[in-house]
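Note that the coordinates shown come from a computational prediction; the quantities given were computed from them, not determined experimentally.
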Amino acid sequence: MKYISLSEIDWKQLESEVQEFWKKEDIFMRSQSSKSPGSDKEKESFVFYEGPPSANGIPGIHHIMGRSIKDAFCRYKTMQGYSVVRHAGWDTHGLPVELQVEKDLGIQKSDIGKTISVEDYNKKCREAVMRFRKEWENLTHQMGFWINMEKPYLTCDKNYIETVWWLVQTLYNKGLLYRGKTIQPYSPAAGTALSQHELNQPGCYKSVKDISIIVQFQRKEKHNEYLLAWTTTPWTLSSNQALAVHKDIPYLRVKTQNPYTQKDIQVYLAESTLPGLFSSVQDYEIIEKIQGKDMVGWEYEPLFSYVPIPKPSFLIVEDDFVSTEEGTGIVHIAPTFGADDARIGKKYGLSGVYVKDDQGEQIPLVDKMGRFVEEVKDFAGRYVKDFGFSEPEKESTDLSIALHLKKQGKAFKIEKHNHSYPHCWRTDKPILYYPVTSWFLKTTQLKKELSQLNKEIHWHPPQVGKGRFGNWLENLQDWNLSRTRFWGSPLPIWMTEDQQEILCIGSYEELKQEVHKSVQAGWQAQELPHDFDPHRPYVDELILCSPKGKPMYREQEVLDVWFDSGAMPYAQWHYPFENSESFEKNFPADFIAEGIDQTRGWFFTLHALSSLLWKKISFKNVVVNGLVLDKKGNKMSKRWGNTVDPLETLKTYGADPTRWYLMGQVSPGENVKFDAEQLHIVQRSFFGTLQHVFNFFMLYAEIDAFYYSRSQTLPVDEREIIDQWLISRLQRLIAEVTRAYENYLIHQVIQQIQSFVLDDLSNWYIRLNRKRFWQGQKNEYKYAAYQSLYECLKALTAIMAPIAPFLTEKMYDALRSPEDAPSVHLIPFPKANNTWVQEDLNKNMRLVQKICSLGHALRKKHQIKVRQPLSALSVPASDPIYNPLFENKALSELILSELNVKEIRREPHVQQVVKPHFQQIGKGPHRKWMKDIKAYLESHPSAPNPEKGIHIPIPKQKKNLFLPPEELIIHTLFPPGHQHISEANLSVALDFRLSSDLLKEGWAREFVNRIQHLRKKQNLDVDDKIHLYIQEHPQIASVWTSMEEYIRRETQALKYSFEKELENPFCLDIEKTRVSVRIEKLSP
RNA sequence: GGGCUUGUAGCUCAGGUGGUUAGAGCGCUACACUGAUAAUGUAGAGGUCCGUGGUUCGAGUCCACGCAAGCCCA
């Protein structure tokens, strides 16, 4: 053992010392070794996947949370004897990177390829990707997350991309890839379509105030009859092609006035929307009631006529999605700008309203920048929503359209409307639903398999898997794989211009051959160089040759970044091109852990790819952590300025307390409200107490030169009862903690360790056994205490090591024997020894603790200090619950010293009140008579000798029921004169009569106490001897005769003298008497 | 509109399989201890366990319907 003190713990220094040690001794690599230490036995592997973070943003406090969980279980499994290989990875592609580069360069998407070449742009992206890699690595290092960062997998790595291509090809060959035009969420600000996962980023849906209009559509050939349709997106009105009603909803034709023009008109609307639209019944007159289905097929006049719109158009259709919750029950349909609209359009053969742009491409009436095309002459060039490109105009485009319609008498009602509208997760600008040509993965085709396989995954907590993830799978849409961006894994698909021939490339070798063919055909000038970069723009320049000899061009799109991360199990090994064995050994993962925000992100893409490819799961256990919110429960965001700097937190509070706090605060999956004050409490109360216990041990172990040796251990059953109890509790703790770890319930691990350290170890064992450590002689009694505390501390370091790797390493290093492994992270996780578990002893000790607590309460109530000895504690004589106190002297002695009483007495004259023990009865055969038992005992609460059981008459059965004592709760009342207190089924009384002997003893203890104070004040060492000078006083004289030995022993007064007058005396006020004393240190 | 989660002391949160006195920490009040001491302990006050019904001898716990908040999706 090395004797160290942690009294003033400097976390920063402790951490750097431990880090240095880990580095010097290569502990992390050694812990990952595939062989068990000291043997050739191959360890079983426990597979962990690290979800790749993107290093182009600064890490936040929530990353400590997620990474702590990963680290804790990996360390735990290592200690359980598994080989846990941990590879870091980085997500390098994608929109966040591109947007940051655009911001840095002050450009927009449309500038790429014009003011900056794609080549230079991607170069910038590559540089930006790892911008905060240092910060990430720093955080990872500081918090003690063990992961191999030296050779991380990078999603932009050439080999990584080759695997991604291979995966795409495999899916393509299975017929799961298709090209289609769909209405997609599209962000004009970012210049790209967004995937479902992107739209599912938290905070995308925002409550906004938009203009809503109820528009009058003139019914064809019906003068003055209008259809009222409501929309919150006026900018889509110029693309209107139909109006939808619900076939089963009743509609009305009413006579009313246009509120703006005061013109008399007749309008159609759903019956149930009438009250919402008109404040008074005088405002309208019902003319006709008609079912929705009878309106289908009616025609109406177009609202605008900017572009010719092919038939069929401008007619009423029906669909179930129409509701009357809001609006008029008649819904405006613009198939180019809404998913439902597009679906209805398809159903009725509506073409959609398109024009050709200057490149001859078919686009809707709004261009990709979000502006109206020229053809919409009244609003040409105006942004349909605020995408942040220009100064906000005086009025929104929606309002301009509304006013335009109002002027023409076509607006019935214009309002501001609050609703929730999706926004781009990166630019924060509104998205549009926009027709986009994309490549899709047919995830819907394998929906059932996905759900079925999901049941094999163990989710922690389970409801995330069953609920959130399960529901998501059941409502699955096809996965839009392609992005019209630049920095990403390119889509390996080449097509002929007529789109008739398609080639999907699955390896670089294949590409090389295709290029070779193309060179021979004359479409391509050069062979594929060996060191080619698969990124854009280089890959775009490769023209391949179709089987029919036509040139093929690459689809100029890149893959959704989520595909990259989902490909990680395969691509990190460059499977199937190399490392097949490694891949197979490491698939699927035994364990992954990420935040709940990954439900539809990484969790989904991992699951989707492995399910689609092989009908297998890719991870067996997943621990999902909640969000880290600020202390008020608000989301952390830079904009609100309520983010918490993770490095600063680690620096201030230490890595171990931070990890302990973040993982121990809430049940799994719950959001943590991060509160520095709470973290401080964890640091102070838990870690502080643990340090004190440790220091206490170290202090005396050093004085006594205690040295733990396995060969000299004192058998547990030969130690004191309280030692046996401590060891027994420890075994229970180890068993419970192991179970919690195995079930991925980290917060239970923490809570159990915490309550053991605070309640059992510190507040009971140490408090009661302090004297054993500082008493003079070295004997077995003392040795047993050292040994028990030692074993306890050593086991604690092991079971805490996965969570608090630094402090435990330091403590372990101080405690370990030379034959032990050098690091706590290399030792096997402790196993509970059941032969040391003594359930009875645990129970009895609880009884002792309870009695002491009651005794303290009683003393407090009567204002009698613990220092004043009392003659006796009484317990009911006949109750067997107190038997252990009389059978086991060690237990009663604990009570005697803790409560400072001379004896424990049995009091025979008590009255007993009996209640049923419902929990016990409910388990047994008497359950069905519960009502009768309850009724009887309520009217007959006192019974003679209830501890032997009682008979209860059951009137219905005309018989007596015998209730054994364990089915009863017995309350005891002491006879008058006793000062007693009861709790649950315990009752104790204290005798507060003070004899003169007791008073003298009490006085002597006070006196000793004051002398000890003086010793300390004069900086005497614990074992310094003194000469005690006392001024003569009748009180001291009367006490001295009986208490001399006690006083001299406690104060270590080898010499003493009574004097008439003292020089430089100290005045001690004890119980209304004043004595003067002086002490002098004796030279040894 | 749908899904999931949450609702327990002033605050932050625990409370397998239902059991009659619902816990912890912090905060507050009072006190004690004094060689673990820049530490520690004890006690007190503080609760309609969101509401309403139901199942049951018995519901914080199970069921149903609500209410509120958060997240996600239409």
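- Ion pair A/Glu898/A/Arg767 flagged as a salt bridge, since at least one NZ, NE, NH1 or NH2 atom sits closer than 4.0 Å to an Asp/Glu carboxylate oxygen.
- Each of A/Leu796, A/Leu733, A/Thr689 was compared with A/Leu761 under the side-chain contact (heavy atoms from CB on, under 4.5 Å) criterion, and only A/Leu796 meets it.
- In this structure, CD in A/Gln752 is found 11.5 Å from CZ in A/Phe756, a value given to the nearest 0.5 Å.
- When the P atom of B/C33 is taken as reference, atom NE2 of A/His692 falls 21 Å away, rounded to whole Å.
- Rounded to an integer number of Å, the gap from A/Leu699 CG to B/A36 P is 9 Å.
- Evaluation of the side-chain contact (heavy atoms from CB on, under 4.5 Å) rule for A/Glu1001 yields A/Pro869, A/Lys902, A/Met1043 as partners, not counting sequence neighbours.
- Contact annotation: A/Ser667 side-chain N/O to B/A14 OP1/OP2 distance is under 4.0 Å.
- Across the protein-nucleic acid pair, A/Asp597 atom CG and B/U5 atom P stand 18 Å apart, rounded to whole Å.
- Closest-nucleotide positions on RNA chain B for A/Ser762 and A/Val866 were compared, and the one nearer the 5' end corresponds to A/Val866.
- The side chain of A/His747 has B/A14 as its nearest neighbour among B/A36, B/A14, B/C71.
- With both pairing distances under 3.5 Å, B/A38 is matched to nothing as a Watson-Crick or G-U wobble pair.
- A/Lys447 NZ: more than 12 foreign heavy atoms inside a 6.0 Å radius.
- Between A/Gln868 and A/Lys631, the residue anchored closer to the 5' end of RNA chain B is A/Lys631, taking for each the nucleotide with the nearest heavy atom.
- With B/A14, B/C4, B/U40 as the choices, the nucleotide that has an atom nearest any side-chain atom of A/Arg767 turns out to be B/U40.
- Between the C1' atoms of B/U17 and B/U21, the separation comes to 23 Å (whole Å).
- Taking every side-chain heavy atom of A/Glu670 into account, B/U5 is the closest of B/A36, B/G41, B/U5.
- As a whole-Å value, the separation of A/Leu758 CG from B/A14 P is 18 Å.
- Residue A/Glu474 is out of contact with every strand shown, counting any heavy-atom pair closer than 4.0 Å.
- Among the nucleotides B/U42, B/C57, B/U6, the one closest to the side chain of A/Met930 is B/C57.
- For A/Lys865, taking side-chain heavy atoms from C-beta onward, the closest of the listed nucleotides B/C33, B/A14, B/A43 is B/C33.
- When heavy atoms are screened at a 4.0 angstrom cut-off, A/Tyr765 is found touching no nucleic acid atom at all.
- The side chain of A/Asn763 places an N or O atom within less than 4.0 Å of a non-bridging phosphate oxygen (OP1 or OP2) of B/G41.
- Pairing partner, B/A24: B/U12, with both Watson-Crick or wobble hydrogen-bond distances short of 3.5 Å.
- With B/U12, B/C4, B/A36 as the choices, the nucleotide that has an atom nearest any side-chain atom of A/Lys673 turns out to be B/U12.
- Residues A/Phe773 and A/Phe697 place their aromatic rings such that the two centres sit no closer than 6.0 Å.
- By the salt bridge (charged side-chain N to carboxylate O under 4.0 Å, His left out) test, A/Arg1049 pairs with A/Glu1045, sequence neighbours left out.
- You'll find that the side chain of A/Glu1006 is closest to B/C33, out of B/A36, B/G15, B/C33.
- Remark: B/U61 base-pairs with no nucleotide; criterion is Watson-Crick or G-U wobble with both hydrogen-bond distances under 3.5 Å.
- Ring-centre distance between A/Phe603 and A/Trp459: below the 6.0 Å cut-off.
- The aromatic ring centres of A/His607 and A/Phe469 sit less than 6.0 Å apart.
- Atom-to-atom, CG of A/Leu899 to C1' of B/U42 comes out at 11 Å; the value is rounded to the nearest Å.
- Atom CD1 in A/Ile895 sits about 16 Å away from atom P in B/U42, given to the nearest Å.
- When rounded to the nearest whole Å, the span between CG of A/Asn1009 and P of B/U37 equals 16 Å.
- Taking atom CG of residue A/Leu629 and atom P of nucleotide B/G70, one finds them 12 Å apart after rounding to whole Å.
- When distances run from any side-chain atom of A/Phe918 to the nucleotides B/U42, B/G35, B/G19, the shortest one goes to B/G19.
- Summarising the base pairing, B/A43 is matched to B/U29 through a Watson-Crick or G-U wobble pair whose two defining distances lie under 3.5 Å.
- Residues from residues 677-689 of chain A that place a heavy atom under 4.0 Å from any atom of RNA chain B, listed by number: A/Ile681.
- A donor N or O paired with an acceptor N or O is not found under 3.5 Å between the base of B/G35 and the side-chain atoms of A/Arg770.
- Note on A/Arg859: nothing from the nucleic acid sits closer than 4.0 angstrom, heavy atoms only.
- B/A68 is paired with B/U6 under the criterion used here, namely a Watson-Crick or G-U wobble arrangement in which both key atom distances are under 3.5 Å.
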